[in-house]
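Notes follow once the structure below has been shown.
A quick note: this is a predicted structure, and the numbers were derived from the prediction, not measured.
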Amino acid sequence: MPSPPGGFEVPLWRALTVFRLASLAYVCVLAVRDADRYAHPFVAGALILLMIVWTGATAVGYARPAGRRWPLLLADLGVVLAIVLATPWVVGRAALATGVPTLGVAWMAGPVLAWAVSGGRRRGTVAALLVAGADLATRERIGHSSFTGLILMLLAGVVVGHVARLAVTAEERLQHAVELEAATRERERLARDIHDSVLQVLALVQRRGAHLPGEAGELARLAGEQEAALRALIAGAAQAGAVDLAGADPDGAGAVDLRALLGRYASPAVSLSAPATPVPLPRQVARELAAATGAALDNVGRYAGGRAWVLIEDEGATVTVSIRDEGPGIPAGRLAEAAAQGRLGVTQSIRGRVTDLGGTVRIVSAPEAGTEIELTVPRTES
């Protein structure tokens with residue numbers, strides 16, 4: 001089951017509530033200890049009461065996704081800034097100078113963490129600078145130790161914001177993977193249904209009518225072609241789904257399974273042999289290699305006729321596609337003559353594409369012995 005929106009952030013919001021409660025308890029302990037040193041102890045008690053109420057309000061508000069928006073985030077920051085700025089008057093500058101801590105202490109980091117969880121590093125950094133700036137403004141003397149709180153606040157905003165963004169990204173990828181898995185299962189179910197009905201009927205028509213004369217034989221031949229095309233379509237969809245689900249390129253560069261692209265060329269006249277495992281290539285490389293293969297098969301159908309065989313070989317650093325036919329072969333000098341006449345099918349559509357990818361093309365042909373074309377490309381783009 002897919003996780004609900006923001007599901008991965010829920011533990012972070014719960015941890016924020018725990019932090020605010022723990023830091024509030026620490027504030028109360030310090031207030032009890034230092035109450036006799038405060039310039040206005042009763043006002044300090046009222047502000048601590050406000051902090052208790054506000055901690056409860058933020059715990060309830062941030063517990064709901066609808067509450068994690070700008071109104072509560074701004075109010076949270078405003079309350080903390082007001083308490084921090086009131087510290088010099090409530091505690092007294094004389095007490096602060098003797099080492100009495102401010103009212104907020106660690107509790108004032110609450111909105112920084114809330115902003116970081118809701119908006120990432122940048123938002124957390126902005127809140128940290130505002131709170132830390134207000135804290136520095138309450139001090140008469142600013143030394144090296146005064147910046148310790150600022151640095152800690154910035155680190156908290158950056159680190160927590162980064163973790164929150166990672167959680168969001170992980171949730172999006174999980175959702176995408178769940179959707180792909182569901183789509184793949186649906187394709188597999190449809191493939192089973194098609195196999196149990198349409199493909200079996202087409203195969204039966206082809207077998208029963210293959211030796212019949214006239215239109216019946218032609219109908220059987222067409223049924224056989226459609227069966228092969230439909231099988232190739234199902235196989236190609238399944239392979240494409242498997243590559244997507246495997247996450248061959250999580251950064252979105254676009255790696256695809258070459259088997260899925262070449263599967264569209266399979267037919268009764270073209271036999272395709274491929275590895276049992278995916279053959280991933282960068283999207284542009286796979287498309288150009290598939291286009292070159294299509295151009296080679298087009299030449300087979302135009303000049304050689306008969307059957308053709310396509311073989312995919314994954315050799316690790318390189319991938320080779322071989323196209324072989326049983327036609328009359330290419331006479332010596334024919335390719336150069338065609339290029340001179342402006343017919344650049346082999347030169348541009350096949351050799352040019354593969355060369356641009358940093359690969360090689362090897363053509364072996366003999367009179368009445370057919371032709372074999374080997375297209376080899378490196379695994380990565382040149």
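For the residue pair S118/W13, the side-chain donor-acceptor check at 3.5 Å is not satisfied. Between the side chains of T376 and T320, at least one donor N or O sits under 3.5 Å from an acceptor N or O. Between the side chains of T87 and T102, no donor-acceptor pair of N or O atoms lies under 3.5 Å. For the residue pair S271 and R307, a side-chain donor N or O sits within less than 3.5 Å of a side-chain acceptor on the partner.
One finds the CG atom of L180 at 10.5 Å from the CD atom of Q175 (value rounded to the nearest 0.5 Å). For the atom pair CG (L272) and CZ (R264), the distance works out to 12.0 Å, reported to the nearest 0.5 Å. One finds the CG atom of L16 at 7.0 Å from the OG1 atom of T58 (value rounded to the nearest 0.5 Å). Summarising the geometry, atom CG belonging to L81 is positioned 10.0 Å from atom CE belonging to M108; distances are rounded to the nearest 0.5 Å. Here the CD atom belonging to E179 is positioned 10.0 Å from the CG atom belonging to L174, to the nearest 0.5 angstrom. Here CH2 of W54 is found 8.5 Å from CG of L50. Values are rounded to the nearest 0.5 Å.
The main-chain N or O of V279 is never found under 3.5 Å from a side-chain atom of D314 such that the two would form a donor-acceptor pair. Side-chain atoms of H40 come within 3.5 Å of backbone N or O of W89 as a donor-acceptor pair. Although no hydrogens or angles enter the test, the distance criterion places a donor-acceptor pair under 3.5 Å between the side chain of D325 and the main chain of T371. No donor-acceptor distance shorter than 3.5 angstrom exists from the side chain of T355 to the backbone of G352, with no hydrogens or angles considered. Under a 3.5 Å cut-off, the side chain of R287 and the backbone N or O of Q284 do not form any donor-acceptor pair. The backbone N or O of A290 sits less than 3.5 Å from a side-chain atom of Y265, completing a donor-acceptor pair. In this structure, R259 contributes its side chain and A276 its backbone to a donor-acceptor pair below 3.5 Å.
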For this session: Determine, step by step, whether E374 and R362 satisfy the salt bridge (Lys or Arg N to Asp or Glu O under 4.0 Å) criterion, reporting the C-alpha distance in whole Å, the side-chain angles of both residues, the deciding distance to 0.1 Å, and the verdict.
Result: CA-CA 5 Å; E374 286 189 358; R362 189 173 73 94; 3.0 Å; yes
For this session: Start with the C-alpha distance between V319 and R379, add both sets of side-chain angles, then the distance that settles side chain to side chain contact (heavy atoms under 4.5 Å, CB included), and finish with yes or no.
Result: CA-CA 7 Å; V319 174; R379 172 69 68 183; 3.8 Å; yes
For this session: Check step by step if side chain to side chain contact (heavy atoms under 4.5 Å, CB included) holds for L77 and V131.
Result: CA-CA 8 Å; L77 182 63; V131 174; 3.6 Å; yes
For this session: Apply side chain to side chain contact (heavy atoms under 4.5 Å, CB included) to the pair V90 and F42, showing each step before the final yes or no.
Result: CA-CA 9 Å; V90 175; F42 292 105; over 6 Å; no
Exercise. Does the pair Y26 and V105 meet the rule for a side chain to side chain contact (heavy atoms under 4.5 Å, CB included), with working shown?
Worked result: CA-CA 8 Å; Y26 181 59; V105 198; 3.5 Å; yes
For this session: Take R20 and D76 through the test salt bridge (Lys or Arg N to Asp or Glu O under 4.0 Å) and record every step on the way to the result.
Result: CA-CA 12 Å; R20 299 189 84 148; D76 192 10; 2.8 Å; yes
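Placement of V29 and I52 in two distinct hydrophobic clusters is found when ILVMFWY residues are connected by side-chain heavy-atom separations under 4.5 Å, directly or transitively. Tracing side-chain contacts under 4.5 Å through hydrophobic residues (I, L, V, M, F, W, Y), one never reaches V364 starting from V354; they form parts of separate clusters. Under the 4.5 Å side-chain heavy-atom criterion for grouping Ile, Leu, Val, Met, Phe, Trp and Tyr, L21 is not connected to M51 through any hydrophobic cluster. V84 is not connected to L152 by any chain of hydrophobic side-chain contacts under 4.5 Å among Ile, Leu, Val, Met, Phe, Trp and Tyr, and they are in different clusters. One hydrophobic cluster, built from ILVMFWY side chains closer than 4.5 Å, cannot hold both V158 and V168; they sit in different ones.
Scanning both residues, A86 and L47, for their nearest heavy atoms gives CB-CD1, 4.3 Å. Taking both residues in full, the closest heavy atoms of P41 and A35 are given as CB-O, 3.7 Å, listed atom of the first, atom of the second, then distance. Counting all heavy atoms, side chain and backbone alike, P101 lies closest to L30 at CG-CD1, 3.9 Å. Here the closest heavy-atom approach between residue R165 and residue V117 is recorded as NH2-O, 3.4 Å. Nearest heavy-atom pair, V300 versus A308, reported as atom, atom and distance to 0.1 Å: CG1-CB, 3.9 Å. Residues A31 and I48 approach most closely at CB-CD1, 3.1 Å, considering heavy atoms.
By the 4.5 Å heavy-atom criterion applied to side chains, E326 and W309 are counted as neighbours. Residues Y38 and L103 are in side-chain contact: their nearest non-hydrogen atoms beyond the backbone lie under 4.5 Å apart. A 4.5 Å side-chain heavy-atom check between L311 and V321 finds every atom pair outside the cut-off. A heavy-atom distance below 4.5 Å is found between the side chains of I363 and R351. Contact of the L113 side chain with the F19 side chain is registered, since non-hydrogen atoms from C-beta on lie closer than 4.5 Å. Counting only heavy atoms from C-beta outward, the side chains of E372 and I323 never approach each other to under 4.5 Å. Between T55 and W107, the closest side-chain pair of non-hydrogen atoms falls below 4.5 Å. No side-chain heavy atom of V160 sits under 4.5 Å from any side-chain heavy atom of L12.
Within a 6.0 Å sphere centred on CD of E315, other residues, nucleotides and ligands contribute more than 12 heavy atoms. Within a 6.0 Å sphere centred on CZ of R122, heavy atoms belonging to other residues, nucleotides or ligands number 12 at most.
Of the charged side-chain nitrogens involved, none lies within less than 4.0 Å of a carboxylate oxygen, so that R14 and E9 do not count as a salt-bridged pair.
The distance between the ring centers of W115 and W70 falls below 6.0 angstrom.
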